Structure formats: C-alpha cells, structure tokens
Amino acid sequence: MEKIYRIQASGFLVQELILTENPARPVIVFSGGHDLAVELLASQLTNYLNILTLPVGSLDGLVALRQNLCNVSGVDLLAPSGEYNLPFIRHFFPDRAMQVVTLAHREQGLMIAAGNPKAIHALADLARSDVTFSNRNLGSGTRLWLDRQLQALVIPAKSIPGYENAVSTHIECARSVQTGKADGALGLRAVAHQFELDFLPLFIDRYDLVFEQEQSNLLSPLLETIQTSVFRQGIGALTGYESTHTGEQIPL
C-alpha cells in the first residue's frame, strides 16, 4: 500500500502543478520503465503534445495507470511463462478495455568500464568481492529479469556487493559505471554505447506502450508518430534497438 500511496501523491502533485495550467497543447503523463525511444518520441511530439515522463519502473507504471494517474505506461516485464508484458496487463486490468502497442525490441546486458578492467564476463562475476554493482529500482523490468536469473543461478542477491544500490534509469546506471562508483550494471546496449562503456549482451526484451482504449483519441498524435519513417529511423539509430515490430498492436 505504501507504494500505491507514493504514486498517488506524485500523481496529485502532477495534477496541481501541471494539468491545471491549461496549456495550449494537451498534456500527456507517461509513467513506466525508462526507455530511450520514449525520450525520442517525446522530442518528436513537441508541436502536438506536452509529455511528462516519470520513469518509475514498469510495475509502478501499471499501478499508476490503474489508479488513473497517467495516460500511458511503458512496460518490459518478462513473465515466468516467457511471455512479455501481457500476463501483467491482464492481471492489472481484467475489467478494462486496454490497448498494447509495441514500441521497440531492445538489447540489454552488463555495462562495464571500458577495457573491462575487472574481467567481468558473466552474471556470476557480480558476486565477486572485488566487483561493485549498480542495480535498477524495484519494479523495473530489468530488475525483475536479473532477480529471476540470480535465482536460476542460485546466487543470493545479498552476495552481490552494491545490489541494494538502486537507481531508476539506465542512464544513472551507466553514469555510476563511468564515474567508477560501480564496476558493472545491467542496462541497454544503446546507453552503454552513449557512455562509451564495454557491453556484455545478455537478452532482448520487448518494450510496449499500454493505455486504456478510451485514451486513443487523446493519444492519436503519439500513435501516428510511432508509425512514421522518421521515428523508425530514429529508433534504428539507437544501438541495440530493433524497430521491425514498432507500432504493432498486440491483442490481449
């Protein structure tokens, strides 16, 4: 309940500070997992929409959407069945007509210092006493993937130095490695490339946008932009991103 109350408080703050200003362009509140393609999308919509992005993690984004505290959420949650996102969306919204649109497929892995001075070659190396890790926030799809992998490898989370040091974006993880605060972090290949870090590929995820069907008209500029060649080319320029299925609607 504490998590829900915290999201509600953030939502009311957004409503008081932004939504009541009656801007010339509609305001769209995005809440969910951090993603570079969302940032790209927001930059291409400045003439049509004001998008407030709140990178709270995929699970908290769905909670915010359930509480009507955002218009659209972004998720990258792998279910035990091996299916991305849909089982979680069905769980949160059994009584609502929802739309799911794929934004991109993304490559994730270990971001490590240039030259790999600590010789990190696998997740198991994170448990070494000489390696410090920078983790993602609870509820993020990346953190959920990591926790399942550690369980499968029988690696206790408490054995990983720095596991409790969590941040809310891939950018923050990369910066912690670049500045030497951490030796490794799990994140996007595109972010590792931006920060000139070495990268150990581990998996491909699917990042979807989720919204209520009744929001379709408000979100039409966003949905139309996703289908443009300009946006797809922008995604293609992000290292480790794949736009083949960008804009596809996924039936629930």
Side-chain angles (χ1 to χ4, degrees), residues 6 10 30-44 51-61 73-77 103-147 149-150 155 157-205 207 234-242:
R6 185 170 65 249
S10 298
F30 168 89
S31 183
H34 177 242
D35 180 63
L36 297 185
V38 170
E39 296 176 1
L40 174 66
L41 182 60
S43 70
Q44 294 188 5
I51 299 184
L52 176 68
T53 58
L54 303 174
V56 298
S58 293
L59 281 177
D60 279 5
S73 184
V75 294
D76 60 321
L77 295 166
L103 190 63
H105 285 76
R106 318 174 303 172
E107 186 174 21
Q108 291 209 52
L110 281 174
M111 302 184 292
I112 48 186
N116 194 10
K118 291 293 183 74
I120 298 172
H121 300 293
L123 281 178
D125 289 327
L126 298 179
R128 285 167 30 195
S129 61
D130 65 327
V131 172
T132 301
F133 183 61
S134 180
N135 206 354
R136 286 295 307 283
N137 52 310
L138 280 169
S140 69
T142 303
R143 171 77 169 259
L144 183 62
W145 183 91
L146 173 66
D147 288 345
Q149 293 301 308
L150 294 179
I155 300 175
K158 63 181 180 181
S159 70
I160 298 177
Y163 177 88
E164 70 284 354
N165 300 328
V167 296
S168 60
T169 69
H170 296 275
I171 297 292
E172 291 175 279
C173 277
R175 187 173 291 117
S176 68
V177 176
Q178 186 188 57
T179 59
K181 293 181 179 179
D183 299 304
L186 200 61
L188 297 168
R189 177 185 282 276
V191 174
H193 178 77
Q194 287 183 4
F195 281 78
E196 299 182 335
L197 302 173
D198 281 9
F199 182 80
L200 178 67
L202 292 174
F203 66 102
I204 304 290
D205 71 9
Y207 190 96
I235 287 184
L238 295 171
T239 308
Y241 272 68
E242 172 58 57

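In this text, all values refer to a predicted model and were calculated from it rather than measured experimentally.
Atom CD of E196 has 12 or fewer neighbouring heavy atoms from other residues, nucleotides or ligands inside a 6.0 Å radius.
Shown here for L197 and A174, the closest heavy-atom pair between the two residues is CD1-O, 3.7 Å. Across every non-hydrogen atom of V177 and I112, the tightest pair is CG1-C, 3.7 Å. The shortest heavy-atom contact between S134 and A182 is CB-CB, 3.7 Å. Contact between Q108 and F199 at its shortest, heavy atoms only, is C-CZ, 3.4 Å. Shortest non-hydrogen contact noted between S73 and S31 is OG-O, 2.7 Å. Considering all non-hydrogen atoms of both residues, I155 and A127 come closest at CG2-CB, 4.1 Å.
Residues passing the side-chain contact (heavy atoms from CB on, under 4.5 Å) test with V38, sequence neighbours excluded: F30, D35, T53, L103, Y207. Residues satisfying the salt bridge (Lys or Arg N to Asp or Glu O under 4.0 Å) criterion with D125, sequence neighbours excluded, are R128. Residues forming a salt bridge (Lys or Arg N to Asp or Glu O under 4.0 Å) with R189 (at least two apart in sequence, or on another chain): E107. Scored by the side-chain contact (heavy atoms from CB on, under 4.5 Å) test, L36 finds H34, E39, I171, L188, A190, V191, Q194, L238, Y241 as partners (sequence neighbours excluded). Under the rule for a salt bridge (Lys or Arg N to Asp or Glu O under 4.0 Å), R175 has no partner lying at least two apart in sequence or in another chain. Evaluation of the salt bridge (Lys or Arg N to Asp or Glu O under 4.0 Å) rule for K181 yields no partner, not counting sequence neighbours.
Atom CZ of residue F133 and atom OG of residue S176 lie 9.0 Å apart, to the nearest 0.5 angstrom. Here CG of D76 is found 7.5 Å from OG of S140. Values are rounded to the nearest 0.5 Å. Residue D147 holds its CG atom at 11.0 Å from OG1 of T142, rounded to the nearest 0.5 Å. Residue H105 holds its NE2 atom at 11.5 Å from CD1 of I235, rounded to the nearest 0.5 Å. Once rounded to the nearest 0.5 Å, the distance linking CG of L110 with CD1 of I120 reads 7.0 Å. Note: L186 CG to M111 CE = 7.5 Å, rounded to the nearest 0.5 Å.
Judged purely by distance below 3.5 Å, without hydrogens or angles, the side chains of S168 and N137 never pair a donor atom with an acceptor atom.
Side-chain contact between L146 and L123: present, with at least one pair of heavy atoms (C-beta onward) separated by less than 4.5 Å. Inter-residue side-chain proximity for R136 and H170 is flagged as met; some heavy-atom pair is nearer than 4.5 Å. Counting heavy atoms from C-beta outward, T132 and D183 have side chains that approach closer than 4.5 Å.
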Stepwise side-chain contact (heavy atoms from CB on, under 4.5 Å) check, I160 with N135
CA-CA 10 Å; I160 298 177; N135 206 354; over 6 Å; no
